[in-house]
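Worksheet for the structure shown next.
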Amino acid sequence: MDSILVTGNGALSGQIPIAGAKNACLTLMPATLLSEEPLTLTNAPRLSDIKTMTALLQSLGAEVSTLQDGQVIAMSSHDLTSHTADYEIVRKMRASNLVLGPLLARFGQAVVSLPGGCAIGARPMDLHTEGLEALGAEIELKDGYLHASAPRGLTGAVHEMRFASVGATENIVMAATLAKGTTVLKNAAREPEIVDLVECLRKMGAQISGEGTSTIEIQGVDLLHGATHQVVTDRIELGTYMLAPAICGGEVELLGGRLSLVGAFVEKLDAAGIEVEETAKGLKVRRRNGRVQAVDVTTEPFPGFPTDLQAQMMALLCTAEGTSVLEEKIFENRFMHAPELTRMGARIDVQGGTATVTGVDRLKGAPVMATDLRASVSLILAGLAAEGETVVSRVYHLDRGYEHVVQKLEGVGAKIERIKS
Ligand code: EPZ
């Protein structure tokens with residue numbers, strides 16, 4: 001298993017291009033199942049999770065080809081041969097469950113393996129099934145698989161979600177595009193990835209309004225047609241690299257970044273003493289004079305502070321002046337980076353969903369282990385400003401959500417290399 005060696009190397013400067021969003025692409029790709037006609041995605045990220053979704057769609061009989069060095073994904077599900085998402089693929093990536101809604105809507109049946117346990121939390125699918133049942137689906141759990149059927153098709157309904165789940169919103173919205181009548185989805189998730197999905201579905205002929213708000217209305221249509229859609233910028237990759245100059249000093253411009261994607265995050269950076277300026281090409285980030293200041297953070301659904309930036313923000317606050325309190329409200333087990341940061345000399349006290357971080361002058365390099373995608377990159381960020389060398393092992397976690405990490409950080413002056421093994 002590869003690892004990454006990072007050596008603290010002082011201030012950074014230059015530009016980092018931000019790729020298309022993993023979490024948008026993972027819901028856009030299953031949308032191809034809604035139509036016989038081809039769907040093409042541009043600005044797609046080159047990540048192992050995208051390869052897994054490709055393998056899943058191909059296992060259903062869809063044609064999926066990647067062009068232009070992987071940044072264009074051309075798909076067609078004209079002749080599907082299966083409606084079963086197999087455990088062997090689903091257990092690798094939970095987002096595989098986003099084929100449930102589209103398969104059910106187009107074919108009236110779907111068999112999708114439950115993903116099973118995840119490092120950051122239980123992550124059940126009850127909000128997905130409740131929503132699809134509200135549209136008339138019959139869903140049964142058998143041998144670890146959800147067997148869903150709607151022999152007479154789905155019917156629009158008014159449904160209020162108990163929690164604004166991203167994945168459940170995506171599955172229900174996709175299913176409702178081909179349902180008879182109108183669906184009103186209340187307490188829907190408002191993430192930019194959902195807005196991007198809806199923009200693509202509208203290009204395919206869907207009739208949807210209210211995306212980005214907590215009430216989405218979908219008028220079902222008989223058929224959807226083909227389209228070409230550009231994947232939105234990855235706000236989590238953006239936020240991650242915005243923290244590099246914040247942690248190390250210097251100034252970095254994030255190409256393709258937009259303030260509207262990272263509002264709540266920028267508010268916290270501002271309070272911590274980090275300047276963010278919008279430029280013609282993206283966002284420019286630099287530290288204001290002096291030391292980073294402690295801030296309190298609570299993760300929430302969009303437009304609140306994203307849980308996917310909590311670990312990276314903790315890395316910044318490890319060397320802040322004062323004590324910060326981080327509350328993780330979305331996932332029940334998302335502080336596994338804390339003991340690894342503690343190995344680098346951080347002072348972190350975790351009590352349930354609350355982590356109290358008392359800033360130290362400087363972290364020290366150490367061998368550390370990645371436990372999940374966002375935890376892995378928080379250890380790399382910490383290593384950029386630590387004294388000496390940090391070796392992050394199990395970086396396969398990182399490859400799921402970050403393309404070209406070493407090249408991108410080296411490009412702004414970081415001392416970083418991948419150690420193959
Ligand atoms: C999406 O996961 C993202 N993944 C996650 O990013 C992200 O952390 C999460 O949204 C929250 O922003 C993708 O888009 C592929 P949820 P998702 O359904 O859809 C509970 C990353 O690092 N819940 O909004 O699975 C659930 O257990 C990943 O890129 C139910 O209880 O998130 C969790 O506590 C990690 N029942 C909370 O809701 C359900 O049926 C939020 O989950 C569904 C969810």
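By convention here, the first residue in the shown sequence is residue 1. Read the numbers this way: they start at 1 and go in the same order the structure lists the ligands and their atoms. Both backbone and side-chain heavy atoms feed into the values below; hydrogens, waters and symmetry mates do not.
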Less than 3.5 Å apart, N/O on ligand 1 and N/O on the protein: could you list those pairs with the distances?
from: ligand 1; atom 1: 2 (O); to: R123; atom 2: NH2; distance (Å): 3.3
from: ligand 1; atom 1: 6 (O); to: N23; atom 2: ND2; distance (Å): 3.3
from: ligand 1; atom 1: 6 (O); to: D308; atom 2: OD2; distance (Å): 3.0
from: ligand 1; atom 1: 8 (O); to: D308; atom 2: OD1; distance (Å): 2.6
from: ligand 1; atom 1: 8 (O); to: D308; atom 2: OD2; distance (Å): 3.4
from: ligand 1; atom 1: 18 (O); to: S165; atom 2: OG; distance (Å): 2.6
from: ligand 1; atom 1: 19 (O); to: G167; atom 2: N; distance (Å): 2.8
from: ligand 1; atom 1: 22 (O); to: R334; atom 2: NH2; distance (Å): 3.3
from: ligand 1; atom 1: 22 (O); to: R374; atom 2: NE; distance (Å): 2.8
from: ligand 1; atom 1: 24 (O); to: V166; atom 2: N; distance (Å): 2.8
from: ligand 1; atom 1: 25 (O); to: R123; atom 2: NH2; distance (Å): 2.9
from: ligand 1; atom 1: 29 (O); to: K22; atom 2: NZ; distance (Å): 2.9
from: ligand 1; atom 1: 29 (O); to: N23; atom 2: ND2; distance (Å): 3.1
from: ligand 1; atom 1: 29 (O); to: R374; atom 2: NH2; distance (Å): 2.7
from: ligand 1; atom 1: 34 (O); to: I330; atom 2: O; distance (Å): 2.6
from: ligand 1; atom 1: 36 (N); to: P124; atom 2: O; distance (Å): 3.4
from: ligand 1; atom 1: 36 (N); to: D126; atom 2: OD1; distance (Å): 2.6
from: ligand 1; atom 1: 40 (O); to: P124; atom 2: O; distance (Å): 3.2
from: ligand 1; atom 1: 40 (O); to: D126; atom 2: N; distance (Å): 3.1
from: ligand 1; atom 1: 40 (O); to: D126; atom 2: OD1; distance (Å): 3.1
from: ligand 1; atom 1: 40 (O); to: L127; atom 2: N; distance (Å): 2.7

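- When all heavy atoms are compared, the tightest approach of A150 to A137 is CB-CA, 4.4 Å.
- Residue H229 forms a side chain to side chain donor-acceptor pair (under 3.5 Å) with just one option from T40, T42, D196, and that option is D196.
- Using modelled atom types, one side-chain atom of D234 and one backbone atom of I236 make a donor-acceptor pair closer than 3.5 Å.
- Taking both residues in full, the closest heavy atoms of T354 and F335 are given as N-CE1, 3.7 Å, listed atom of the first, atom of the second, then distance.
- The salt bridge (charged side-chain N to carboxylate O under 4.0 Å, His left out) analysis of residues 365-378, with sequence neighbours excluded, yields no pairs.
- Salt bridge present: E193 and R235 bring a charged side-chain N and a carboxylate O closer than 4.0 Å.
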